[in-house]
There are 2 protein chains.
Amino acid sequence: MSRKTPVKPARAKQKRLSADDRRSEFVTRATELFAEEGFGGGTRALARKLGVTQPLLYRYFPSKDDLIKEVYRRVYLGPLEPGWDKLLSDRSRPLRPRLQDFYQTYTDAIFTRKWLRIYLYSGLKGLDINRWYVGMVKDKILTRIIRECRHEAGLAVSKPSAAELELAWVFHGGIFYYGVRKYIYDAPVLEDKAQMISDALDIFLAGFERIAENAADRRRAPVKVAG
Amino acid sequence: MSRKTPVKPARAKQKRLSADDRRSEFVTRATELFAEEGFGGGTRALARKLGVTQPLLYRYFPSKDDLIKEVYRRVYLGPLEPGWDKLLSDRSRPLRPRLQDFYQTYTDAIFTRKWLRIYLYSGLKGLDINRWYVGMVKDKILTRIIRECRHEAGLAVSKPSAAELELAWVFHGGIFYYGVRKYIYDAPVLEDKAQMISDALDIFLAGFERIAENAADRRRAPVKVAG
DNA sequence: ATCTCTGGTGATCACTCGATAAACTGGCTC
DNA sequence: GAGCCAGTTTATCGAGTGATCACCAGAGAT
């Protein structure tokens with residue numbers, strides 16, 4: 001109490017951050033704001049969240065749109081982990097636990113209120129980055145899953161057919177929609193996410209196996225086209 | 001050209017609609033506008049779509065919020081068909097074609113750009129009507145599906161367990177997400193919707209059967225809990 | 001032909017939005 | 001301590017928002 005302390009006096013209002021820190025803080029709080037309010041959220045509301053004034057934003061971003069782009073970059077690229085493809089394709093392990101592990105970590109990464117809401121808002125705006133992400137899911141996840149499933153079923157591993165890809169999308173979308181229900185709709189869901197994934201996998205793998213058998217049968221003895 | 005025509009001269013600017021027609025037109029075009037722009041879409045842009053001036057809106061709706069509520073009512077209640085529960089529960093037909101028919105007509109009703117976008121926007125706003133709709137899907141569709149599946153599998157038909165409901169949600173969400181990919185993300189999807197539904201059903205039913213068998217096994221000879 | 005009722009318009013208010021320019025300030029070097 | 005400089009604020013602009021008011025106009029009844 002008595003010392004006049006040349007050390008920082010625990011200033012009531014933290015100000016004068018370094019440029020990098022301030023810029024980063026803008027992106028962080030903007031993500032929160034836009035996740036809740038959509039990208040119509042105001043720059044003044046954002047500044048209030050940081051405890052600064054609104055024009056300060058324009059020292060760090062030329063326009064609100066640039067800030068939004070930065071938010072996209074961080075949200076989309078942030079949780080992206082490079083080990084996922086390895087996890088899916090590692091044939092030294094049985095396929096089922098591979099898929100279980102993958103969807104466990106994948107949903108751990110994206111099942112947050114912030115991520116899902118930003119994702120849907122960007123999807124509704126039809127932005128390129130959203131298209132890019134969807135393509136990434138298809139190429140890096142779904143085609144890989146199909147390939148592994150075909151391998152497991154003893155089928156030739158070629159490019160997945162459109163129908164197979166759709167199958168994988170429906171499966172993937174079913175799991176994804178769990179997150180939407182929980183974090184967007186705030187609807188009650190089965191609390192045990194791991195069980196949900198496990199059950200979804202049971203159904204998908206059992207179903208895929210049956211389909212694969214049928215496909216194999218059809219290849220051996222093609223049935224006539226309905227008509 | 002020469003006749004002074006007391007008949008309506010095919011007026012260039014249609015004006016002076018009846019109150020009911022004008023009000024209805026406001027809701028229709030507002031649905032289009034809000035589907036594209038979100039509910040931030042402006043009242044002036046709306047009026048422009050009708051070819052009238054903006055203050056006219058306030059002859060028919062006390063506020064923009066009331067207009068939005070009317071949009072919700074029409075969008076959510078419009079495609080709701082009362083025959084759905086009958087379709088699902090009609091045990092004179094095999095379960096699979098029942099489900100195929102149901103999802104065919106259900107997705108015919110809601111897989112439009114307008115419906116899906118309005119639905120997601122309202123979901124992001126966390127409105128009561130969205131919660132109501134989700135509850136309706138659960139009660140009127142999913143529990144019924146589970147009940148019929150249990151009946152088909154020769155299991156006792158009681159209240160569906162939380163895990164079973166989740167199963168149905170994942171299945172339903174997978175199909176729903178097809179619409180999201182097609183109409184929200186504008187992503188390429190398997191064009192044949194009926195086949196997508198058919199394949200999803202194949203997988204779901206085959207999977208459910210297997211799960212049901214396991215559940216029956218477990219009831220006969222309970223396995224020890226993993227530990 | 002005139003009156004009246006009602007669908008529709010023009011002008012405008014108070015407010016919020018994104019963005020800009022100029023002034024201020026606190027810590028740093030010389 | 002003088003002076004600079006980067007981080008921050010104050011004041012403000014122009015455009016766009018939802019909403020209100022007084023007014024207009026045209027078809028139907030008398």
Side-chain angles (χ1 to χ4, degrees), chain A residues 4-34 36-72 121 125, chain B residues 4-34 36-72 121 125:
Chain A
K4 294 171 198 153
T5 176
V7 280
K8 303 181 180 175
R11 58 204 167 189
K13 299 225 167 182
Q14 53 169 5
K15 288 182 183 181
R16 261 183 131 60
L17 291 193
S18 86
D20 283 353
D21 288 352
R22 185 61 89 195
R23 188 185 152 89
S24 174
E25 199 186 7
F26 263 117
V27 178
T28 304
R29 313 306 288 263
T31 305
E32 295 172 15
L33 177 71
F34 294 153
E36 292 307 314
E37 315 278 336
F39 295 103
T43 54
R44 283 169 178 81
L46 172 57
R48 208 174 310 125
K49 279 170 76 82
L50 303 208
V52 299
T53 54
Q54 177 251 359
L56 187 58
L57 168 65
Y58 295 90
R59 284 267 147 173
Y60 298 94
F61 300 90
S63 74
K64 186 185 174 183
D65 251 17
D66 291 87
L67 170 62
I68 291 179
K69 278 177 191 160
E70 196 59 37
V71 167
Y72 282 137
Y121 274 122
K125 290 219 299 190
Chain B
K4 293 163 198 160
T5 177
V7 279
K8 302 183 179 176
R11 56 203 169 188
K13 298 227 166 180
Q14 53 170 1
K15 288 184 181 180
R16 252 180 139 64
L17 291 193
S18 85
D20 283 354
D21 288 353
R22 187 59 90 193
R23 188 185 152 89
S24 174
E25 200 187 5
F26 263 118
V27 179
T28 304
R29 313 306 288 264
T31 306
E32 295 172 15
L33 178 71
F34 294 153
E36 292 307 314
E37 314 278 336
F39 295 102
T43 55
R44 281 168 180 82
L46 173 57
R48 208 174 311 125
K49 277 169 77 83
L50 303 206
V52 299
T53 53
Q54 177 248 2
L56 187 59
L57 168 64
Y58 295 90
R59 286 264 147 168
Y60 298 93
F61 300 91
S63 76
K64 186 184 173 183
D65 251 17
D66 291 87
L67 169 64
I68 291 178
K69 278 178 191 160
E70 196 60 36
V71 168
Y72 282 137
Y121 274 122
K125 289 219 302 192

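Within every chain, numbering begins at 1; the chains are lettered A, B, ... in the order of the sequence lines, protein sequences first and strands thereafter. Predicted model, so just to flag it, every value in this text is computed and none were measured.
With no hydrogens or angles considered, no side-chain donor-acceptor pair links A:Ser24 and A:Asp21 at under 3.5 Å.
Nucleic acid contact for A:Tyr60: sugar-phosphate only, since backbone atoms but no base atoms lie under 4.0 Å from a heavy atom of the residue. At a threshold of 4.0 angstrom between heavy atoms, the contacts of A:Ser63 are confined to the sugar-phosphate backbone, with no base atom among them.
Put simply, CZ on A:Arg59 is 15 Å from P on D:dT10, counting in whole angstrom units. Between B:Phe61 atom CZ and D:dG18 atom P the separation is 15 Å, expressed in whole Å. The separation between B:Leu57 atom CG and C:dT9 atom C1' is 14 Å, rounded to whole Å. Straight-line distance from the CG atom of B:Leu46 to the C1' atom of D:dG18: 12 Å, rounded to whole Å. Here the C1' atom of nucleotide D:dT8 and the CZ atom of A:Arg48 are 18 Å apart, to the nearest Å. In this entry the distance linking CG of B:Asp66 with P of D:dA19 reads 9 Å, nearest Å. Atom CD1 of A:Ile68 is separated from atom C1' of C:dC17 by 13 Å (rounded to the nearest Å). In this structure, CD of A:Gln54 is placed 15 Å from C1' of C:dC15, rounded to the nearest angstrom.
When distances run from any side-chain atom of B:Leu56 to the nucleotides C:dG18, D:dT8, C:dT9, the shortest one goes to C:dT9. Taking only side-chain atoms of A:Pro55, from C-beta outward, the nucleotide of D:dG7, C:dG8, D:dA11 with the closest atom is D:dA11. Side-chain proximity of B:Thr43 to D:dG18, D:dC21, D:dG7: nearest is D:dG18. Distance from the side chain of B:Tyr58 is smallest for D:dT20 among the nucleotides D:dT8, D:dT20, C:dT20.
The phosphate of D:dT8 (OP1 or OP2) has no side-chain N or O of A:Thr53 nearer than 4.0 angstrom. Contact between the side-chain N/O atoms of B:Arg23 and the OP1/OP2 oxygens of C:dG7 is not found at any separation under 4.0 Å. For B:Arg22 and C:dG8, the shortest distance from a side-chain N or O to OP1 or OP2 is below 4.0 Å.
The aromatic ring centres of A:Tyr72 and A:Phe34 sit 6.0 Å or more apart.
Side-chain contact between B:Phe26 and B:Val52: present, with at least one pair of heavy atoms (C-beta onward) separated by less than 4.5 Å.
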Working note: A:Leu67 + A:Leu46, criterion side chain to side chain contact (heavy atoms under 4.5 Å, CB included); need CA distance, chi angles, decisive distance, verdict. CA-CA 11 Å; A:Leu67 170 62; A:Leu46 172 57; 3.5 Å; yes
Show, in sequence, the C-alpha distance, side-chain angles and deciding distance for A:Arg59 and A:Arg22, and conclude whether the side chain to side chain contact (heavy atoms under 4.5 Å, CB included) test is met. CA-CA 10 Å; A:Arg59 284 267 147 173; A:Arg22 185 61 89 195; over 6 Å; no
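Interface remark: the B:Arg44 side chain does form a donor-acceptor pair with the D:dG18 base, using a distance-only criterion of under 3.5 Å. Residue side chain A:Arg16 reaches the base of D:dA6 through a donor-acceptor N/O pair under 3.5 Å, judged by distance alone.
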